[in-house]
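Notes follow once the structure below has been shown.
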Number of protein chains: 4
Amino acid sequence: MLSGVGLDTIKTFFNSVRSRTAELCVPLRIEDYVPQPVEFASPPKWHLAHTTWFFEEFILKEHLAEYKEFDPDFGLLFNSYYQSLGQRMIRTSRGSITRPGVEEVMAYRRYVDGHMQVLLSQVLSSEVRSLIEIGCNHEQQHQELLITDLKHTLSLNPTFPVYKDGFDLTRSSSQEKGWVEIQEGVYEVGFKGQGFCFDNELGRHKAYIQETEISKALVTNAEYLEFMEDGGYGNFILWLDEGWSWRETNRIQHPLYWHKVNEAWMHFTLEGLKPLDMQSPVCHISFYEAAAYAEWAGMRLPTEAEWEVASADLNWGERWEWTNSAYLPYPGFSTAEGALGEYNGKFMVNQMVLRGASLATADGHSRPSYRNFFHPHLQWQYSGIRLAK
Amino acid sequence: MLSGVGLDTIKTFFNSVRSRTAELCVPLRIEDYVPQPVEFASPPKWHLAHTTWFFEEFILKEHLAEYKEFDPDFGLLFNSYYQSLGQRMIRTSRGSITRPGVEEVMAYRRYVDGHMQVLLSQVLSSEVRSLIEIGCNHEQQHQELLITDLKHTLSLNPTFPVYKDGFDLTRSSSQEKGWVEIQEGVYEVGFKGQGFCFDNELGRHKAYIQETEISKALVTNAEYLEFMEDGGYGNFILWLDEGWSWRETNRIQHPLYWHKVNEAWMHFTLEGLKPLDMQSPVCHISFYEAAAYAEWAGMRLPTEAEWEVASADLNWGERWEWTNSAYLPYPGFSTAEGALGEYNGKFMVNQMVLRGASLATADGHSRPSYRNFFHPHLQWQYSGIRLAK
Amino acid sequence: MLSGVGLDTIKTFFNSVRSRTAELCVPLRIEDYVPQPVEFASPPKWHLAHTTWFFEEFILKEHLAEYKEFDPDFGLLFNSYYQSLGQRMIRTSRGSITRPGVEEVMAYRRYVDGHMQVLLSQVLSSEVRSLIEIGCNHEQQHQELLITDLKHTLSLNPTFPVYKDGFDLTRSSSQEKGWVEIQEGVYEVGFKGQGFCFDNELGRHKAYIQETEISKALVTNAEYLEFMEDGGYGNFILWLDEGWSWRETNRIQHPLYWHKVNEAWMHFTLEGLKPLDMQSPVCHISFYEAAAYAEWAGMRLPTEAEWEVASADLNWGERWEWTNSAYLPYPGFSTAEGALGEYNGKFMVNQMVLRGASLATADGHSRPSYRNFFHPHLQWQYSGIRLAK
Amino acid sequence: MLSGVGLDTIKTFFNSVRSRTAELCVPLRIEDYVPQPVEFASPPKWHLAHTTWFFEEFILKEHLAEYKEFDPDFGLLFNSYYQSLGQRMIRTSRGSITRPGVEEVMAYRRYVDGHMQVLLSQVLSSEVRSLIEIGCNHEQQHQELLITDLKHTLSLNPTFPVYKDGFDLTRSSSQEKGWVEIQEGVYEVGFKGQGFCFDNELGRHKAYIQETEISKALVTNAEYLEFMEDGGYGNFILWLDEGWSWRETNRIQHPLYWHKVNEAWMHFTLEGLKPLDMQSPVCHISFYEAAAYAEWAGMRLPTEAEWEVASADLNWGERWEWTNSAYLPYPGFSTAEGALGEYNGKFMVNQMVLRGASLATADGHSRPSYRNFFHPHLQWQYSGIRLAK
């Protein structure tokens with residue numbers, strides 16, 4: 001945690017995170033800030049305000065003397081799942097909240113940033129340092145969601161708008177082939193070290209792992225197309241029962257954002273519609289698709305513990321990787337008191353863990369013990385497949 | 001129709017309609033143009049572009065020599081139900097179309113308006129005059145939807161934003177009491193005269209009407225509250241079977257936009273949250289609620305033919321009035337050739353006719369033969385109750 | 001009404017209706033009495049008990065001295081929409097009510113029949129005679145539903161069970177070609193005469209009808225196949241907007257109960273799976289399909305008033321015929337006091353009128369003024385198409 | 001496995017299992033065999049036939065010379081999720097399959113039982129012995145489902161029918177208080193020994209468990225009522241996010257089958273409606289409710305590994321116990337070849353593991369390594385709560 005490091009480090013971190021959010025918004029027009037394309041996504045404006053509200057609510061209001069709230073309504077509008085029922089009911093209406101507008105939200109950010117500078121010039125308790133660190137990491141998570149949610153919004157536009165040239169997060173560097181071997185035995189998993197982590201990575205604990213091999217390379221678009229051309233989407237035997245229903249109900253035939261244009265596979269990216277690069281890792285895959293692919297390949301997805309143990313030897317960070325582990329509490333998991341305690345524990349059912357990071361993840365944000373999690377049917381993250389056997 | 005009148009009249013009409021749309025948008029911020037709060041509503045930006053596309057598609061492209069389309073994508077983005085499947089699928093995603101933005105849509109309007117001035121300075125066939133007239137009336141319809149859809153969007157904001165002070169469309173002038181009597185006999189209904197009408201008002205035809213009486217006054221908030229306080233929402237016997245299910249499923253307890261605050265009834269208006277005015281006509285009522293109220297009052301809703309015959313003696317125009325007539329074709333109804341033919345006929349099932357006009361309706365837009373129509377569960381229009389017996 | 005006729009006539013009518021119900025059940029096995037295949041259908045056992053409950057509740061309990069209720073629970077189990085909420089909630093669970101069993105329901109029928117014989121040997125007021133008549137007609141309606149609901153149940157069985165050999169209600173006699181002409185003018189519609197009718201046919205009233213022609217023949221399977229082969233199910237322009245959505249959501253490609261087996265069209269009947277007879281009227285058609293077909297044929301469906309006026313010259317009774325009239329109250333419609341008043345009025349929204357009768361309808365049950373009604377998407381009745389122009 | 005034991009043992013086992021099924025059906029009337037009350041349940045008739053089909057399909061057809069299939073249609077009607085899409089689509093229509101009827105299904109059972117006696121008099125390979133053992137255990141699973149599904153059906157009957165006097169599976173013997181302590185370390189979990197187990201219990205493997213304590217007693221109705229009276233169902237903070245939505249959407253206020261009658265809590269049992277016994281373990285609880293209760297109690301649910309390690313010291317078998325483990329494959333999990341391979345693996349997502357057994361479970365069927373699993377919202381099993389800390 002940052003609680004033990006110097007104030008300059010904290011300040012630098014805070015300012016760099018806040019700047020990166022602003023930078024991500026440079027290509028946006030005001031209209032882009034508004035839509036909530038699907039229930040599980042949020043508008044850019046909401047991400048901007050919500051992350052700011054976090055600093056105001058948990059840090060400035062509690063720890064900066066005489067801090068005056070920017071606008072009392074903002075707590076109601078920009079908290080997330082925290083707190084009472086009435087307020088949560090607006091979740092699906094985030095895209096209808098046009099006021100405050102972008103300019104007011106930007107003013108809110110400047111106001112909070114300004115007061116944070118004041119706070120950051122003071123002597124801070126380790127508790128406050130820790131809260132700032134959480135706030136920064138929280139904002140980094142929302143930076144990634146801002147990108148993936150925005151991509152979903154733009155994808156619904158039949159003109160395939162470009163977010164930013166040169167900003168295609170679906171490619172990655174060439175991949176090393178081969179397998180990482182893990183020997184059977186007791187390993188430690190969970191966060192270790194001095195830096196920051198989320199509550200769901202604590203505490204480090206022993207786990208028994210069987211002998212296994214994990215692929216160094218992610219499954220590529222070329223390999224996934226083989227599965228498709230082999231009739232993978234129509235072969236009941238390969239799918240989890242619920243995956244098959246999902247596929248049937250939603251008439252899924254390929255990864256999200258793929259389009260067949262004149263017999264060639266294209267995909268929508270933040271650079272617009274582009275030909276699929278066959279050597280890049282397959283992307284925007286649900287857990288159901290990942291599991292079906294693994295079954296077709298005669299292999300399986302790794303568990304999160306296996307992944308974590310192998311991570312030192314993996315080249316990861318280019319794509320969130322579905323594991324076959326459900327998102328559940330680690331031994332001794334406990335939630336913080338109050339609203340911060342609602343952070344992760346609330347969601348520990350019916351979701352699968354993803355490990356790694358994607359090109360949309362802020363640099364340095366992820367780590368080997370990092371636990372990302374989504375419902376098994378969701379495709380809108382930069383999610384892919386790493387096989388184990 | 002305008003086809004027989006002078007060019008100046010057409011030009012004046014066109015310009016006044018286009019100006020009114022612009023005027024309605026003055027209080028809007030860019031963010032307000034984007035959301036589609038529910039499937040049956042559309043974003044202001046879409047209304048602005050769609051009405052413009054109508055002039056471009058059906059008039060300028062066909063009838064102005066060398067007209068060059070503003071942007072070929074706009075047809076795809078801003079047509080409505082017209083034409084092919086693929087394009088219609090974006091209907092629920094209108095709120096996610098951030099580009100083109102408001103400024104481009106405004107430029108589109110200016111571009112089309114400019115070319116319309118050119119066209120309007122030429123000798124126009126009666127066909128073209130007629131198309132312009134349709135386009136203007138079409139835009140007036142969308143002006144009203146722009147207002148009602150925007151109200152729905154703003155209503156989802158827990159801060160109850162104000163669209164414009166002094167712009168509360170729920171009040172109306174004091175109402176004359178008493179009953180209009182209709183004698184039994186053959187009457188003519190449907191459009192007559194030289195002016196404009198929609199295809200669904202044609203052709204004028206004879207209808208046999210029984211003796212009846214129609215209230216001169218609309219049901220007021222005070223009267224509706226009596227129904228509520230008498231347990232109307234919980235009394236199965238008063239409701240249509242489907243109305244009861246709708247009420248149960250959606251937990252409906254009062255008209256749309258009503259809020260009980262500290263034991264007093266308030267309602268959300270375009271001026272923000274305000275106390276309910278007891279003498280104003282009740283508003284934002286579904287057909288189901290209107291029918292249950294009429295049953296409770298021991299009366300019924302008028303048919304559209306009765307309403308039309310009585311209209312000369314009614315003070316109408318302050319609130320759309322649910323009739324007990326289903327929206328069906330008049331004898332000899334025929335649709336125009338091509339896409340314009342899809343205008344009204346497509347919707348002639350499962351909807352009920354409303355007659356009159358509301359304070360959101362453009363001046364002079366409605367007339368006694370005008371047939372508005374919505375699904376019986378919808379509440380977001382300025383819809384109220386007139387009784388018959 | 002029967003109120004003016006002799007007691008023998010009433011008795012004969014009662015006994016013949018009750019016998020026909022029993023006769024329809026002869027081919028049933030106990031298991032067949034139980035299922036409710038879809039929400040809008042009911043189990044045979046429920047039809048048997050519900051029609052009996054009607055006689056007990058409205059006649060025996062009120063008008064037979066010292067009548068003792070068979071079982072107080074039966075009112076709760078076998079009323080329909082009548083009365084309070086709690087009881088209606090079991091509507092979708094009718095197929096789960098295994099007790100009382102078939103034998104007890106049969107005993108209930110015998111018990112009520114026995115007491116009805118006692119009553120029918122007494123001097124009856126015209127009110128009681130009228131109630132008996134309603135009860136008999138009510139049971140005839142349920143006889144038809146018993147058949148159509150049972151057909152739906154059996155159709156879900158991939159072994160295509162036979163209800164009864166020789167009992168295929170989809171065929172009909174050869175049809176006369178040509179058109180019935182109606183002259184423009186005032187006509188009377190609604191029930192006339194002395195016999196029985198339902199409240200929704202009253203009162204007879206004048207209606208103004210335009211000049212029109214109505215086909216003497218129903219549309220045949222051969223003709224409907226032409227529409228299908230011409231791409232009718234895929235041609236957006238032919239469909240009502242809601243019909244198109246219905247078709248899309250439910251992946252409808254042909255009438256209900258049709259199966260393509262080895263390139264030949266078969267259909268499921270109460271005699272099992274059989275080849276489609278091309279000259280028989282098309283059947284198990286929704287209103288949406290009927291309307292699309294009419295549009296394709298360049299014609300329209302008749303209104304119910306037109307149909308009624310033409311009925312004297314039509315050969316009808318072999319198939320329920322969708323009209324383009326919504327099911328709405330006739331002028332002066334009023335409901336009876338009490339639970340009987342819930343009979344028809346509750347359903348006067350979002351349904352379309354069908355005229356005629358089908359081969360499943362009890363002999364003599366229908367008449368020219370008879371108004372049947374169903375939601376526009378339903379296909380499970382023996383419903384077909386008659387064109388007008 | 002039985003593969004190593006004597007033929008007499010197998011025969012005895014087979015016959016006793018088949019007899020118990022028959023015995024469970026003694027109180028049933030023919031009508032009771034038919035309904036499928038909800039999608040996740042099945043009719044008794046289906047359970048009877050499906051378990052029989054298993055013996056026919058996997059054993060008799062493969063391993064009894066000259067065996068002639070009873071009826072080729074039965075495979076289509078009574079397989080479950082096995083095999084192709086078309087056949088699976090009838091899953092929700094099981095309650096509509098009235099034919100074959102109960103008598104034919106009983107004849108099917110006799111036919112298969114007779115041929116099984118022939119087979120059981122022959123020398124059997126270990127493969128065949130193993131298949132018979134699977135078939136018997138499979139039938140025991142369906143015996144339990146037969147009971148719980150039937151209870152659901154009867155519960156929908158407002159007359160609260162009695163299945164069998166003296167057959168109330170919700171009570172249990174008095175419970176020992178106190179805690180079982182587990183020391184931190186490596187333990188073995190998964191099936192061991194010679195007897196039968198399902199594929200999902202294999203292979204036995206090492207797991208690292210942290211120090212923990214597990215309650216010897218299950219949570220009682222009295223304790224659960226405390227939670228309810230403390231506002232547990234209305235306290236957002238106690239619930240998983242999805243649990244809260246489930247509760248809200250379905251308006252859940254108490255365990256399944258509970259009814260408040262004249263201010264006293266009753267519950268529906270297989271003996272009919274009875275007062276709640278306060279000292280019995282709470283029952284018919286979803287995972288969401290179990291998790292909320294544990295949160296309220298300041299404790300947690302055990303993991304399945306913890307439960308298994310502690311099982312030697314627990315008095316279990318009176319109630320299925322929700323664990324906080326998701327249903328996932330054990331290390332090295334592999335599915336059998338062919339249709340039998342679809343047995344368990346298909347369902348390893350979005351379900352939670354339950355350990356123990358209930359009073360509805362066949363004697364001797366469960367064991368410490370047994371893994372039962374259901375979706376977290378389901379309440380219809382005899383499922384309860386054991387706490388850990």
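Expressed to the nearest 0.5 Å, how far CG of B:L28 lies from CZ of A:R99 amounts to 7.0 Å. Distance check, rounded to the nearest 0.5 Å: CG of B:L77 to CG of A:N157 gives 5.5 Å. The structure places OG1 of B:T98 at 5.5 Å from CG of A:L154, a figure rounded to the nearest 0.5 Å. Of the inter-residue distances, the one linking A:I30 atom CD1 with B:Y33 atom OH reads 11.5 Å to the nearest 0.5 angstrom.
Ranked by heavy-atom pairs shorter than 4.5 Å toward chain A, the options B:P100, B:P35, B:P161 are led by B:P35.
Across A:L76 and B:P158, no two heavy atoms sit closer than the pair CD2-CB, 3.6 Å.
Of the residues B:E103, B:E31, B:E104, the one that meets the salt bridge (charged side-chain N to carboxylate O under 4.0 Å, His left out) test with A:R29 is B:E104.
For a residue to count as touching a neighbouring chain, one of its non-hydrogen atoms must lie under 4.5 Å from one of that chain's; by this rule A:P37 touches chain B with backbone and side chain alike.
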